[in-house]
Amino acid sequence: MRRAKVAATILAALLLVLLVLGYQQYNEPITLSVPACGIEVECEEVFTPRSARLQAVIDKPGIAAWYGKYILDHAGQEFQGLWNIQTGDQVILGTARYRCIAITTGYSDWGIRAKDGELPDADLYLCTCVPGGEEFEIYIVGLEREQS
């Protein structure tokens, strides 16, 4: 009986170590590059849409927040110049390559939504505030992943 408890304790400890190591590796920042706009920034994945946590990452200098299909940062920080992107421009996230397929504006007050109500169909979105825009107004860039 005692051996079973010791074995179970050791197994639980090993699983905990593996989970922590896996989380740390999974949560490593990944580089986003938009060569046409001179943007290169580390992205930190956020696993919860809680606005306080998401906003804290967005507010970090040198880091963009990555939540699901959205990568967000301030226009006055690393996404400065994102509004210069054009359809067809390449975007690189880690080793994955994307092409800009849509550009629109919208709002971030209740999630991410386009002004006309429909986000362009895309694999990934880059979002930043519109300089001099309305409260919660954002610039939304739709990206499509290139096939390898």
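All values below come from the heavy atoms of this structure, side chains included, with hydrogens, waters and symmetry mates left out.
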Start with the C-alpha distance between E137 and K115, add both sets of side-chain angles, then the distance that settles salt bridge (charged side-chain N to carboxylate O under 4.0 Å, His left out), and finish with yes or no. CA-CA 9 Å; E137 186 178 14; K115 274 189 179 179; 2.8 Å; yes
Assigning hydrophobic clusters by single linkage (Ile, Leu, Val, Met, Phe, Trp, Tyr; side-chain heavy-atom cutoff under 4.5 Å), is V141 placed with I30? yes
Interatomic spacing from CD in Q77 to CD1 in I63 - rounded to 0.5 Å: 10.0 Å
Check whether E146 reaches the backbone of R97 with its side chain - one donor and one acceptor, N or O, closer than 3.5 Å. no
For E40, does its backbone N or O pair with a side-chain atom of S33 as donor and acceptor, under 3.5 Å? no
I want to check something: taking the side chain as every heavy atom from C-beta on, are C127 and I112 in contact at a cut-off of under 4.5 Å? yes
Non-hydrogen side-chain atoms of T128 and L72 separated by less than 4.5 Å: no
A64 and V41 have their tightest heavy-atom pair at N-CG2, 3.7 Å
Side-chain heavy atoms nearer than 4.5 Å, only ILVMFWY residues, links allowed to pass through others: does that put Y139 and L54 together? no
Are there over 12 heavy-atom neighbours, none belonging to D121, within less than 6.0 Å of that residue's CG? no
I need the single residue from E42, E44, E78 that forms a salt bridge (Lys or Arg N to Asp or Glu O under 4.0 Å) with K60. Which is it? E44
Consider only side-chain heavy atoms of I, L, V, M, F, W and Y, link residues closer than 4.5 Å, and tell whether I92 and V34 are in one cluster. no
State, yes or no, whether a side-chain contact exists between I85 and I103 at a heavy-atom distance under 4.5 Å. yes
L32 CG to L126 CG distance, which is reported to the nearest 0.5 Å: 5.5 Å
SG on C129 to CZ on F136, rounded to 0.5 Å: 12.0 Å
Chi angles and distances behind the side chain to side chain contact (heavy atoms under 4.5 Å, CB included) call for H74, D59: CA-CA 7 Å; H74 291 297; D59 290 344; 2.6 Å; yes
Which atom of G81 lies closest to which atom of C37, heavy atoms considered: O-SG, 3.5 Å
Atom pair CZ/OG1 of R113 and T105 - distance to nearest 0.5 Å: 11.0 Å
Restricting to non-hydrogen atoms, name the atom on R53 and the atom on V46 that form the minimum distance, rounded to 0.1 Å. CG-CG1, 3.8 Å
Tell me if a side-chain donor or acceptor on D89 pairs with a main-chain N or O of Q86 at a distance below 3.5 Å. yes
Just checking Y125 against Y70, ring centres under 6.0 Å apart? yes
Under 3.5 Å, is there a donor on one side chain and an acceptor on the other for E135 and Y107? no
Exam field: side chain E144 to backbone D123, donor-acceptor pair closer than 3.5 Å: no
Can you see which heavy atom on F79 is nearest to which on I71, and at what distance? CE2-O, 3.6 Å
Rounding to 0.5 Å, atoms OG1 (T31) and CD1 (I39) come to a distance of 13.5 Å
P120 vs I101 side-chain heavy atoms within contact, under 4.5 Å: no
State, yes or no, whether a side-chain contact exists between F47 and E45 at a heavy-atom distance under 4.5 Å. yes
